[in-house]
Amino acid sequence: MIDLDDYSWLTDRETAVWLQKLAHDSRPVHQQLTQLRKQLSTTRAQLLVQQTTLRQRAVSKFGPWAKQMFFTEIGLQQATDRWLSTYKAIRFQPASSVHDLCCGIGGDLIGLATRHEQTVERRSSLDGDANRLALGWDLAPHMVLLAAANLRNIFGNGILENNSLENVAKEKDNEKYNSDQIAIAQLGDVESLSLPLGAMWHLDPDRRPQGRRSTHVELHRPGPEMVTRLLKTHPSGAVKLAPACQVPADWEKSAELEWISRDRECRQLVAWFGNLTTHPGKRRATLLVPPQMPSSESVAQDKSDPRPDHWIAHSFVGQAGLLLPTAPQLGKYLYDPDSAVLAANLLGELANQHGLATLVPNGAYLTSDHPIDHPLLARFIVLEQIPLRIKPLAKYLSSCDIGSLEIKKRGVKLNPSTLRRQLKLRGSQSATLILARLGQREVAILAQRQAQPNDSK
């Protein structure tokens with residue numbers, strides 16, 4: 001059983017030596033544990049090995065920051081990645097304090113802290129004002145400890161660990177508080193918390209208080225009742241949810257619901273309230289993409305990890321559930337909508353605005369005879385339409401000298417990996433094969449992906 005003392009030991013600076021050694025240890029886990037147990041307890045040996053594994057997995061969420069952060073299994077799963085948290089933090093003005101409720105290991109708290117990192121030129125106006133902090137709250141002591149350690153390791157001394165607001169005020173009176181201190185991680189029950197007047201808030205409720213993950217907000221903890229109470233006194237806030245969550249009807253009317261995607265996956269739904277909304281009662285689909293760096297910069301910088309605040313956000317706002325026109329036939333171009341558009345149910349709005357039609361009623365692929373440039377639509381030029389039968393398809397691809405094939409599908413049960421083996425591809429050319437339904441038929445559409453403005457590829 002891991003207790004708070006073990007987590008405290010894990011985050012101690014002296015333990016960093018153990019973690020650094022393990023990060024470069026390629027031996028099997030059982031050998032690592034055997035060696036560690038000669039000097040450490042079984043619990044702490046396992047904690048070190050687990051932390052090394054979690055840090056490796058966390059690279060996809062936190063980039064190079066992961067190697068100096070601390071996680072739990074659940075904490076990593078639920079944490080907002082550095083790119084989304086930085087994007088979300090933009091809506092929260094640096095001139096106001098933000099309370100990150102149920103902060104976990106600090107994914108969103110880190111993003112909120114960067115509000116100040118991104119406004120260095122305004123530091124002089126922020127000096128000495130504790131009301132402009134990012135304050136993280138969590139009911140679990142070990143989560144508070146890990147969140148504080150993560151803030152410390154990323155921002156250096158720009159944090160206050162486990163302090164109360166009273167202590168912050170005392171430090172301000174003693175002129176010990178300064179603009180470099182930008183975030184706090186502290187213990188507290190958010191359901192009984194009283195926020196300062198004018199504060200904004202961000203809530204990440206537990207989606208599995210009963211042990212099983214739920215997409216119904218009513219089953220989350222804290223639930224909609226707490227959000228209603230908060231809105232009466234602090235109208236500007238946000239609720240982080242899973243993309244598939246079903247939100248209460250009154251949220252649909254008053255909030256702006258935003259689905260955010262990155263790397264072809266819709267990762268989060270955020271309900272924005274009060275002054276944080278830009279289109280109350282509407283939905284937003286947002287795609288985050290890394291910036292295109294000039295070739296001269298690509299040599300000197302790691303393109304796989306450009307700064308989060310340099311990423312580009314492409315958004316589309318509209319009404320959900322508009323009817324989709326159905327195309328009489330496949331056009332010259334085919335479009336694959338971003339996952340955020342589909343999750344937000346904005347495909348009808350997007351299609352109608354750009355004169356696009358779907359291949360089948362309620363289908364996801366769109367088509368047209370005219371090219372459309374839109375960052376939330378991947379565009380393909382149609383080369384050929386082929387019945388979805390293995391032998392004729394394999395013969396045709398062979399005749400086209402195609403050996404490299406990107407396979408996409410919607411509405412078809414055939415497994416792309418199985419199909420790839422069956423096609424036995426050989427050739428020097430590359431293309432995209434899109435498996436879809438066209439009317440009552442299943443077809444394979446041979447296409448070429450086209451680059452578009454601001455394309456991250």
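Here the structure is a predicted model, which is why all the values come from computation and not from measurement.
Considering only residues two or more places apart in sequence or on other chains, Pro141 meets the side-chain contact (heavy atoms from CB on, under 4.5 Å) condition with Leu4, Leu187. Taking Trp272 as the reference, Glu258 meet the side-chain hydrogen bond (donor to acceptor under 3.5 Å, both in side chains) condition, with sequence neighbours excluded. For Arg420, there are no salt bridge (Lys or Arg N to Asp or Glu O under 4.0 Å) partners, not counting sequence neighbours.
The number of heavy atoms from other shown groups lying within 6.0 Å of CG (Asn415) is above 12.
Note: Thr286 OG1 to Gln268 CD = 11.5 Å, rounded to the nearest 0.5 Å. Distance check: Arg267 CZ to Ser339 OG gives 8.5 Å after rounding to the nearest 0.5 Å.
Side-chain atoms of Glu256 and Thr277 form no donor-acceptor pair, as typed in the model, at a separation below 3.5 Å. For the residue pair Gln31 and Gln35, no side-chain donor N or O sits within less than 3.5 Å of a side-chain acceptor on the partner.
With respect to Arg264 and Asp338, no salt bridge is recorded, no charged nitrogen being found less than 4.0 Å from a carboxylate O.
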Point to revise | side-chain contact (heavy atoms from CB on, under 4.5 Å) between Trp137 and Asp189, intermediate numbers included | key: CA-CA 8 Å; Trp137 299 87; Asp189 183 353; over 6 Å; no
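Screening residues 69-79 for side chain to side chain donor-acceptor pair (under 3.5 Å), with sequence neighbours left out, gives Arg57-Glu73, Glu73-Gln77, Gln77-Arg208. Pairs of residues two or more places apart, or lying in two chains, that qualify as ring pair (Phe, Tyr, Trp, His ring centres under 6.0 Å) and include a residue from residues 235-271 are Trp251-Phe273. Note on residues 44-56: pairs passing side chain to side chain donor-acceptor pair (under 3.5 Å), not counting sequence neighbours, are Asp6-Arg44.
Using cut-offs of 30° and 60° for the angle between ring planes, the Trp83 and Trp311 rings count as tilted.
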